[in-house]
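Take a look at the structure set out below.
In what follows, every chain begins at residue 1, and chains take the letters A, B, ... in the order their sequences are listed. Please read all numbers here as calculations on a predicted model, not as lab measurements.
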Protein chains: 2
Amino acid sequence: MPKDRAPTRIQKKNRAMILDAALNVFSAHGFRGATVDQIASEAGLSKPNLLYYFPSKEAIHTALLSGLLEVWLAPLHALDENGDPMEEILAYIQRKLQMSRELPRESRLFANELVQGAPRIHAALSEDLKALVDSKVIILTRWMDQGKIARVHPYHLIFSIWALTQHYADFDVQVRAILGDEDPFEGAEPFVDLLYRKLLTP
Amino acid sequence: MPKDRAPTRIQKKNRAMILDAALNVFSAHGFRGATVDQIASEAGLSKPNLLYYFPSKEAIHTALLSGLLEVWLAPLHALDENGDPMEEILAYIQRKLQMSRELPRESRLFANELVQGAPRIHAALSEDLKALVDSKVIILTRWMDQGKIARVHPYHLIFSIWALTQHYADFDVQVRAILGDEDPFEGAEPFVDLLYRKLLTP
DNA sequence: TCTTGATTTGACCATCTGGTCAAACTCAGG
DNA sequence: CCTGAGTTTGACCAGATGGTCAAATCAAGA
């Protein structure tokens, strides 16, 4: 195991390669379905070498998830209480949709974890995520009180945004099986924009 | 392996117990994450005994999926071109939501399979499912042409219904981590009803 | 160049897992 | 109560998998 001094050039490079390879493998096969050998070979390392940088498969997975949670929640974090309500929400939705498009592996990593009961990130959900959502729900509720947007159940509003946008990353195969060659996001963007505009217009 | 005569009383009972146990285990852990021993013990059988009824783990999974696909698509199948457009669509949504509530294991079984690229049901998606969706899209499009419902991208309309309703089953842990004790479906039902009423009112 | 810590690896291990098999047990019909 | 088909199981196997370790190799500063 590398000492915990300042990481060397090689340590930085290899840790990064491992995490990227792990993201590929975990997002495609889930935690149980991923093998250390697979991650190692995708990272261009031997298995013992990989385990020189991370003590276990579990440790890689944990490092990945906790490193990406921040990225994952950033779009919601950026929802600004001082902006125009409708535009803020629509912009949030566009950011989420763009993440599904550009970071589908990250989306599926979380989807895999959640659909199996989130055994490894349950704490983060009911602490960090809940706190963030609660704080934004306060803002949404105020906007509704002020008549800036229509009154709807604010928690379900957020759930619906997650569901709609992440669907395109998580269930990509299904969407593509039905749409054929058409780019899913081409139609998705105007669709969700219209949907939330109609829902939230007072 | 049981002969393929008429199944005996014991065969019927054990096959059913195995499929129910397999649904529990596969939906909670995915194909790779499930073990034959786990399914066997949940079904109250020894592993060799279980493999007397199904030739392999794969066979159990296939039997489950193909047996449930029909159930899973039934709500969309029931969308009636002769009914009132708005009521038909809202009823379809309620049926889907009810399935998430009453058959969450089934939902997660498919979610697990899809999120990992649907390696075992890809054919069913691009054949049966696509054909069904295409046929219903024709009906939706006609309703839009007739001005009975607002014009939106019909495929994305269907995707959005799947996303919104299945979210409550597939990502149940996340929803509950945020809502606490509140029953998710209590708020979800009026929320989605309002959402699609606003979206589809011409 | 030499030294020392960082890095890499081949060989190995224990456990888990899907699956097999022959022997034993159960049970309904004659 | 026999008998033969249907059912169940303990013991076992081969391959996969997570992880270890001592020895070998490399790299950078003195």
Using whole Å, report how far [atom1] of [X] lies from [atom2] of [N].
X	N	atom1	atom2	result
Asn14(A)	dA27(D)	CG	C1'	14 Å
Gln11(A)	dT7(C)	CD	C1'	9 Å
His29(B)	dC16(C)	NE2	P	16 Å
Leu50(B)	dG6(D)	CG	C1'	17 Å
Arg15(A)	dT7(C)	CZ	C1'	13 Å
Phe31(B)	dT17(C)	CZ	P	13 Å
Gln38(B)	dG18(C)	CD	P	9 Å
Leu51(A)	dA11(C)	CG	C1'	15 Å

Compare side-chain N and O positions of [X] against OP1 and OP2 of [N] and report whether any pair is under 4.0 Å apart.
X	N	answer
Tyr52(A)	dT8(C)	no
Arg9(A)	dA6(C)	no
Tyr53(A)	dT8(C)	yes

*Under 4.0 angstrom, heavy atoms only, what part of the nucleic acid is Ala40(B) near: base, sugar-phosphate, or nothing?*
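Nothing, no nucleic acid heavy atom in range.
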*Identify the heavy atoms of Lys136(B) and Leu76(B) that sit nearest to each other, and give their distance.*
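Shortest heavy-atom separation between Lys136(B) and Leu76(B) comes out as CE-O, 3.2 Å.
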*Given dG19(D), dT8(D), dT20(C), which nucleotide is nearest the side-chain atoms of Lys57(A)?*
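Between dG19(D), dT8(D), dT20(C), the one nearest the side chain of Lys57(A) would be dG19(D).
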*Could you work out which one of dG19(C), dG19(D), dT8(C) sits closest to the side chain of Ile10(A)?*
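For Ile10(A), the side-chain atoms sit closest to dT8(C).
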*Hey, is the side chain of Lys47(A) pairing donor to acceptor with the base of dG19(D) inside 3.5 Å?*
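Looking at the base of dG19(D), it does pair with a donor or acceptor on the side chain of Lys47(A) (distance under 3.5 Å).
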*Which comes earlier along DNA chain C counting from the 5' end, the contact point of Asp37(B) or that of Gly44(A), where each point is its nearest nucleotide?*
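With Asp37(B) and Gly44(A) compared, the 5'-side residue is Gly44(A).
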*Please tell me which of Arg32(B) and Asn49(A) maps to the more 5' nucleotide of DNA chain C, matching each residue to the nucleotide holding its nearest heavy atom.*
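Looking at the nearest nucleotide for each, Asn49(A) comes out on the 5' side.
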_Toward the 5' end of DNA chain D, by each residue's nearest nucleotide, Leu45(B) or Pro48(A)_ =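 Looking at the nearest nucleotide for each, Leu45(B) comes out on the 5' side.
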_Under-4.0 Å salt bridge between Asp183(A) and Arg176(A)_ =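 Here Asp183(A) does not pair with Arg176(A) in a salt bridge, since their nearest N and O are not under 4.0 Å apart.
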*Is any NZ, NE, NH1 or NH2 atom of the basic residue among Arg142(A) and Glu81(A) found under 4.0 Å from an Asp or Glu carboxylate oxygen of the other?*
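Between Glu81(A) and Arg142(A) there is a salt bridge, with a charged N closer than 4.0 Å to a carboxylate O.
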_Quiz question: by atom type and distance under 3.5 Å, do the side chains of Tyr155(B) and Asp134(B) form a donor-acceptor pair?_
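Looking only at side-chain atoms, Asp134(B) and Tyr155(B) do form a donor-acceptor pair, the distance falling under 3.5 Å.
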*Scan side-chain atoms only and decide if Tyr168(B) and Ser107(B) contain a donor-acceptor pair under the 3.5 Å cut-off.*
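Looking only at side-chain atoms, Ser107(B) and Tyr168(B) do not form any donor-acceptor pair under 3.5 Å.
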